[in-house]
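So the structure is just underneath, and the comments pick up after that.
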Amino acid sequence: MTDSSTPEILEPGKKSNFIHLQIMEDLEQGKNGSRVHTRFPPEPNGYLHIGHAKSICLNFGIAEKFGGMCNLRFDDTNPAKEETEYVDSIMEDVRWLGFDWEDRLYYASDYFGKLHEFAIRLINEGKAYVDDQDAETISNQKGTPTRPGLESPFRNRPVNENLDLFMKMTNGHFGEGDCVLRAKIDMDSPNMHMRDPIIYRIIKAHHHRTGNKWCVYPMYDFAHGQSDFWEGITHSICTLEFEVHRPLYNWFVDQLQETGYRPRQIEFARLNLTYTVMSKRKLLELVKDKHVNGWDDPRMPTISGLRRRGYTPESIRNFSDRIGVTKVDGVIDVSLLEYSVREHLNKTAQRVMGVVQPLKVVLINYPEGGDEELDAINNPEDPEMGTRKVPFSREIYIEQDDFMENPPKKFFRLSPGNEVRLRYAYFITCKNVVKDENGVVKELHCSYDPASKGGNSPDGRKVKSTLHWVSARHAVKSEVRMYDRLFRDENPDGHKDVDFKEFINPESLKVLTGCYVEPFVRTSKPLDHFQFERLGYFNLDFDSTLEKPVFNLTVQLRDSWAKEQNKN
RNA sequence: UGACCUGUGGUGUAACUGGCAACACGUCUGACUCUGGAUCAGAAGAGUCCAGGUUCGAGCCCUGGCAGGUCAACCA
């Protein structure tokens, strides 16, 4: 690797991080034949979340950047927790994000045979032994981080006896918990993970791939480095909490092969986002206790949740680039994620008019029973998306928020006597406010200026505000699900002694059923993105029916008027 | 009171082998606008955890502190 090739490796526009720099160093030194091979290794025990997306983008991104490869490997060494359902969803999510592992799909369970042979080799070399003690005893003997451990009475068992016992473990002769296989390393090590770690335990459960073939299963530490080694991984990237495992990772690889090729473990900080939780355990809890409607609830930080919410793969990848990769444990502001979708959807989303909280407006001087079609721009950011026709008639709906009977100073929208524009349509003036017996505004009677058709008056008259609207007779009645953050606290699991569920936002979902959207949406299919003008980005949910579309709020448009209001 | 890791505007990331702390989000102005969106122009906001030291010069190097995180599942 010469210096002159560096600029090609570092794509312009894409930030470099400390891992890229380390890889470049390895390349320059010719390590591992100057190859780059990474892997994304999820355990199939839950759905992927935005934190995994960071790891996916990192690992596949590195392969792309350095002309290497990235494997998908399921770390399925614990049959008690893993299921095929999760395997399928993980593959779907990685693909949806836009990454391709090609023919390199692996499972740690592919290596159960080799791992078992390796364990036997270690026993033969006097580097592993069967321990008959129970979990609690072993744990106590391990000592504490500040106190050295005690050697097991079984530590110096003869090789033959260990071999015999391990075979009996393997053959199902023992029950769960009767004994374990341990690596013989160093009970005095200041690193807890080096104090004769357990490498095989007995689990009599059905494995999603190997069925009942095995009743002993390797531990993470005994499987991960070896799997990396056998796949030819050069850079094994994982999160910070595995930092202290690294010496053990290296120890096993050293036992496999003394010299030559070595995978290298590099750790980075996992993603934390404000106003959400990220641990699988907590997400599972939210699902099981029905605080949300499943793993793909649009309020969940899961990939499937974000997808259903209306996030795009591009926006998640851009977000991932923007947040960078370091070893600093921090919390990213969700507003950065929201910015990323807005940025993408602003450029790509079909505009449409939809009224979420309708207020009826009757245009008193518009011909009764008449209607017409007006031209509307599909996306002002992208002229190639063209125009569409929007039906207009005497009775329309506008947004309740767009009318105030007694407006404050800077309220530019509709109020008695005030003239505003209906987008792509006409100027209208509010003439009369019709109320019900309780004094609640029921409908507005307005006049329209026929000369202002299309949205401009020939006399050059200006109005301060443009409202979205939808023709009552032509509108598609819809359900709109308005989402807010799932938690009221910025850091829900950052409080000692307070359960994160205490901070759940009771108003994180508001279902609005009497919404009206222009007929254009009839042609759409689930996951299609729209901008409801002046409101935000929405996408069609799977729950939609032909009679009743259902939209999810992805994210609102920035709203400086609302912000102004909140100040007061 | 052990090992390992981390400390740069409100948040996240930069700063080549030491050379005036940069960028993005957010915040705040203003311009423009048939989305109070987008866009454009601009502003405020850190002297880099602390204390010493080396140096003409330190966020980068050295010493000593302080703070936070991880590790004591037969989880990954």
Side-chain angles (χ1 to χ4, degrees), chain A residues 15-17 41-43 45 75-78 80-82 108 131 134-135 138-140 142-149 176-182 189-195 197-203 216-217 219-221 223-224 238-247 267 269 274 280-281 319 322-340 342-343 346-347 351 353 376-377 380-381 410-413 420-425 427 452 454-456 462-468 490 531-536 556-564:
Chain A
K15 288 196 292 184
S16 252
N17 58 53
E43 182 188 14
N45 68 342
D75 223 333
D76 56 351
T77 56
N78 185 354
K81 289 188 173 179
E82 295 145 7
D131 196 328
D134 61 34
I138 291 176
S139 168
N140 289 337
K142 265 195 177 157
T144 71
T146 55
R147 232 191 312 267
E176 285 190 17
D178 286 354
C179 46
V180 291
L181 185 68
R182 291 228 256 169
S189 172
N191 183 336
M192 296 294 291
H193 297 279
M194 299 300 273
R195 321 242 263 230
I198 291 168
I199 59 179
Y200 261 100
R201 67 317 197 177
I202 298 166
I203 300 176
V216 288
Y217 290 89
M219 298 285 287
Y220 165 84
D221 285 307
H224 205 94
C238 61
T239 46
L240 247 28
E241 65 269 30
F242 291 102
E243 233 158 9
V244 284
H245 293 241
R246 196 184 335 132
E267 310 85 11
T274 55
K280 274 189 195 170
R281 202 209 86 218
F319 169 73
R322 253 188 273 262
I323 60 178
V325 179
T326 65
K327 300 187 76 156
V328 185
D329 234 324
V331 190
I332 309 269
D333 201 316
V334 255
S335 64
L336 191 56
L337 216 211
E338 295 175 343
Y339 171 81
S340 297
R342 283 200 196 97
E343 179 189 49
N346 177 45
K347 291 189 201 117
R351 309 291 128 122
M353 290 194 283
I377 294 166
E381 301 290 320
K410 286 197 284 192
F411 185 86
F412 304 140
R413 280 113 94 145
V420 298
R421 169 168 41 231
L422 294 178
R423 179 143 233 226
Y424 301 124
F427 285 6
S452 64
N456 282 301
K462 298 281 182 203
V463 290
K464 284 202 117 171
S465 181
T466 300
L467 309 187
H468 60 278
E490 218 180 84
Q531 184 196 97
F532 286 11
E533 296 219 31
R534 302 208 306 133
L535 293 180
Q556 286 175 314
L557 253 31
R558 286 184 61 208
D559 188 346
S560 48
W561 166 247
K563 196 175 283 174
E564 186 81 19

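Just so we're on the same page: letters track the sequence lines, and every chain starts at 1. Being a predicted model, the structure only gives us computed values, none of them experimental.
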Query raised in the report: Using 4.0 Å as the upper bound for N to carboxylate O, is an ion pair formed by A:E564 and A:K410?
Result: yes
Requested in this report: Would you mind checking if A:E267 and A:R246 are paired as a salt bridge, meaning a charged N to carboxylate O distance below 4.0 Å?
Outcome: yes
Query raised in the report: Under the 3.5 Å rule, do the base of B:G37 and the side chain of A:E381 count as making a donor-acceptor pair?
Result: yes
Requested in this report: Using atom CD of A:Q531 as one end and atom P of B:G36 as the other, report the distance to the nearest whole Å.
Outcome: 10 Å
Please list, pair by pair, any protein nitrogen or oxygen found under 3.5 Å from a nitrogen or oxygen in nucleotides 23-28 of chain B.
{"unit_1": "B:C25", "atom_1": "OP1", "unit_2": "A:Y339", "atom_2": "OH", "d": "3.1"}
{"unit_1": "B:C25", "atom_1": "O2'", "unit_2": "A:S335", "atom_2": "OG", "d": "3.4"}
{"unit_1": "B:U27", "atom_1": "OP1", "unit_2": "A:K563", "atom_2": "NZ", "d": "2.5"}

Report summary line: Dot-bracket for RNA chain B, 5' to 3', Watson-Crick and G-U pairs with both distances under 3.5 Å, [ ] for crossing pairs, | for partner on another strand, reads .((((((..((((.....[..)))).(((((.......))))).....(((((..]....))))))))))).....
Report summary line: Checking A:D329, A:V328, A:I323 against A:T326 for side chain to side chain contact (heavy atoms under 4.5 Å, CB included), the one that qualifies is A:V328
Query - Letter per nucleotide, 5' to 3', of nucleotides 66-76 of chain B [B base touched, S only sugar-phosphate touched, - untouched; heavy atoms, 4.0 Å] - result: ---SBSBSBBB
Query raised in the report: Would you say the side chain of A:E43 lies within less than 4.5 Å of the side chain of A:T77, judging by non-hydrogen atoms?
Result: no
Query raised in the report: For residues A:S335 and A:D333, is any side-chain donor paired with an opposing acceptor at under 3.5 Å?
Result: yes
Query - Positive for side-chain hydrogen bond (donor to acceptor under 3.5 Å, both in side chains) with A:H468, one of A:E533, A:R534, A:R351 - result: A:R534
Report summary line: Rounded to whole Å, CZ of A:R534 lies from C1' of B:A38 at a distance of 15 Å
**Report entry** C1' spacing across the pair B:G12 / B:U54, given as an integer number of angstrom
**Finding:** 33 Å
Report summary line: Separation of B:A3 atom C1' from A:E267 atom CD, nearest Å, is 14 Å
Requested in this report: Between B:A24 and B:C20, how far apart are the C1' atoms? Round to whole Å, please.
Outcome: 22 Å
Report summary line: Rounded to whole Å, CZ of A:F412 lies from C1' of B:G37 at a distance of 15 Å
**Report entry** 5' precedence on RNA chain B between A:K410 and A:I323 (nearest-nucleotide basis)
**Finding:** A:I323
**Report entry** Phosphate-side-chain proximity, A:S560 and B:G37, N/O vs OP1/OP2 below 4.0 Å
**Finding:** yes
Query - Span that lies between the P atom of B:C28 and that of B:A44, in whole angstrom - result: 16 Å
Query raised in the report: Syn versus anti for B:A31, judged by chi lying within 90° of 0?
Result: anti
Report task. Please report the C-alpha distance between A:E343 and A:R322 in whole Å, then the side-chain angles of each, then the deciding distance to 0.1 Å, and finally whether the side chain to side chain contact (heavy atoms under 4.5 Å, CB included) criterion is met. Result -> CA-CA 13 Å; A:E343 179 189 49; A:R322 253 188 273 262; 2.7 Å; yes
Query raised in the report: Between B:G68 and B:G52, how far is it from one P atom to the other, in whole Å?
Result: 23 Å
Report summary line: So CZ of A:R182 and CG of A:D131: to nearest 0.5 Å the spacing works out to 4.5 Å
**Report entry** Pairwise C1' distance, B:G65 and B:A76 [rounded to whole Å]
**Finding:** 36 Å
Report task. Quote, to the nearest angstrom, the P distance that separates B:C61 from B:A14. Result -> 15 Å
Query raised in the report: Quantified in whole Å, what is the C1' atom distance between nucleotide B:A22 and nucleotide B:A46?
Result: 12 Å
Query - Chi-based syn or anti call at B:G68, which uses purine or pyrimidine torsion atoms and a 90° bound - result: anti
Query raised in the report: Using a cut-off of 4.0 Å on non-hydrogen atoms, how would the nucleic acid contact of A:F427 be classed: base, sugar-phosphate, or nothing?
Result: nothing
Query raised in the report: Hey, does A:Y424 reach any base, or is it just sugar-phosphate, or nothing, if we go heavy atoms under 4.0 Å?
Result: base
Report summary line: Checking A:E82, A:R281, A:K280 against A:N45 for side-chain hydrogen bond (donor to acceptor under 3.5 Å, both in side chains), the one that qualifies is A:K280
Query raised in the report: Can you check the A:L467 CG to B:G36 C1' distance for me, whole Å?
Result: 11 Å
Query - Among A:V334, A:L337, A:I332, the one residue meeting side chain to side chain contact (heavy atoms under 4.5 Å, CB included) with A:T274 - result: A:V334
Query raised in the report: Checking side chain to side chain contact (heavy atoms under 4.5 Å, CB included) for the pair A:D75/A:H224: CA distance, chi angles, key distance, verdict?
Result: CA-CA 8 Å; A:D75 223 333; A:H224 205 94; 2.7 Å; yes
Report summary line: From CZ of A:R246 across to P of B:C4 the rounded distance in Å is 11 Å
Query raised in the report: Heavy atoms, side chains only, cut-off 4.5 Å: are A:P197 and A:D221 in contact?
Result: no
Query raised in the report: In whole Å, what is the span from the CD atom of A:E490 to the C1' atom of B:U11?
Result: 9 Å
Query - Donor-acceptor side-chain pairing of A:T466 and A:R423 below 3.5 angstrom - result: no
Query raised in the report: Do any side-chain nitrogens or oxygens of A:T326 fall under 4.0 Å of OP1 or OP2 in B:U13?
Result: yes
Requested in this report: Provide the distance between the two P atoms, one in B:U29 and one in B:A67, to the nearest whole Å.
Outcome: 41 Å
Report task. Starting from C1' on B:U11, measure out to CD on A:E338 and report it in whole angstrom. Result -> 14 Å
